[in-house]
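First comes the structure, then the notes that go with it.
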Amino acid sequence: RRVMMNEKVLGSGELAKQLGVPRWKLTQMIELGKLPEASGKLEGRRLFSAADVDAIVAKYLELAEAKAAKEVAKAKLAG
């Protein structure tokens, strides 16, 4: 899906702020395939549509929950 010109979009810095992570971390997670790529780019900059933001937030929360569950399991095994 491509970003339409009249659609509100966010840059990676704005999206990173919404997620509460540094921009480099968001970019790294996208490049590693842990989060979906932006549907648009302009002059090499990622442009995230509302649908992109929804998908990324959902995936980010899923990853955070999995990490928390793993830490709980580790703590139970340790002690």
Can you name the closest pair of heavy atoms from Asp52 and Ser39 and give their distance?
->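 Minimum heavy-atom contact is OD2-OG, 2.8 Å.
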
Under the salt bridge (charged side-chain N to carboxylate O under 4.0 Å, His left out) rule, what pairs show up with a residue in residues 27-37, not counting sequence neighbours?
->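 Counting only pairs at least two positions apart or across chains, the salt bridge (charged side-chain N to carboxylate O under 4.0 Å, His left out) contacts touching residues 27-37 are Glu31-Arg46, Glu37-Arg46.
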
Residue pairs fulfilling salt bridge (charged side-chain N to carboxylate O under 4.0 Å, His left out) with at least one residue in residues 65-79, sequence neighbours excluded =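 Found none.
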
Mind checking what makes salt bridge (Lys or Arg N to Asp or Glu O under 4.0 Å) contact with Glu62, not counting sequence neighbours?
->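 Checked Glu62 against salt bridge (Lys or Arg N to Asp or Glu O under 4.0 Å); matches are Lys59.
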
Which residues pass the side chain to side chain contact (heavy atoms under 4.5 Å, CB included) test with Arg45, sequence neighbours left out?
->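 With sequence neighbours excluded, Arg45 shows a side chain to side chain contact (heavy atoms under 4.5 Å, CB included) to no residue whatsoever.
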
Please identify each residue that fulfils side chain to side chain contact (heavy atoms under 4.5 Å, CB included) with Val57, with sequence neighbours left out.
->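 Testing Val57 for side chain to side chain contact (heavy atoms under 4.5 Å, CB included), a comparison that skips the adjacent residues, returns Leu19, Val53, Leu61.
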
Any side-chain heavy atom of [X] sitting closer than 4.5 Å to one from [Y]?
| X | Y | answer |
| --- | --- | --- |
| Phe48 | Ile30 | yes |
| Leu35 | Leu63 | yes |
| Met29 | Tyr60 | yes |

Distance (rounded to the nearest 0.5 Å) between Ser12 OG and Lys17 NZ =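 Reported value, rounded in 0.5 Å steps: 11.0 Å.
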
If you measure from CG on Leu26 to CD on Glu14, what distance do you get to the nearest 0.5 Å?
->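 Answer rounded to 0.5 Å: 11.5 Å.
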
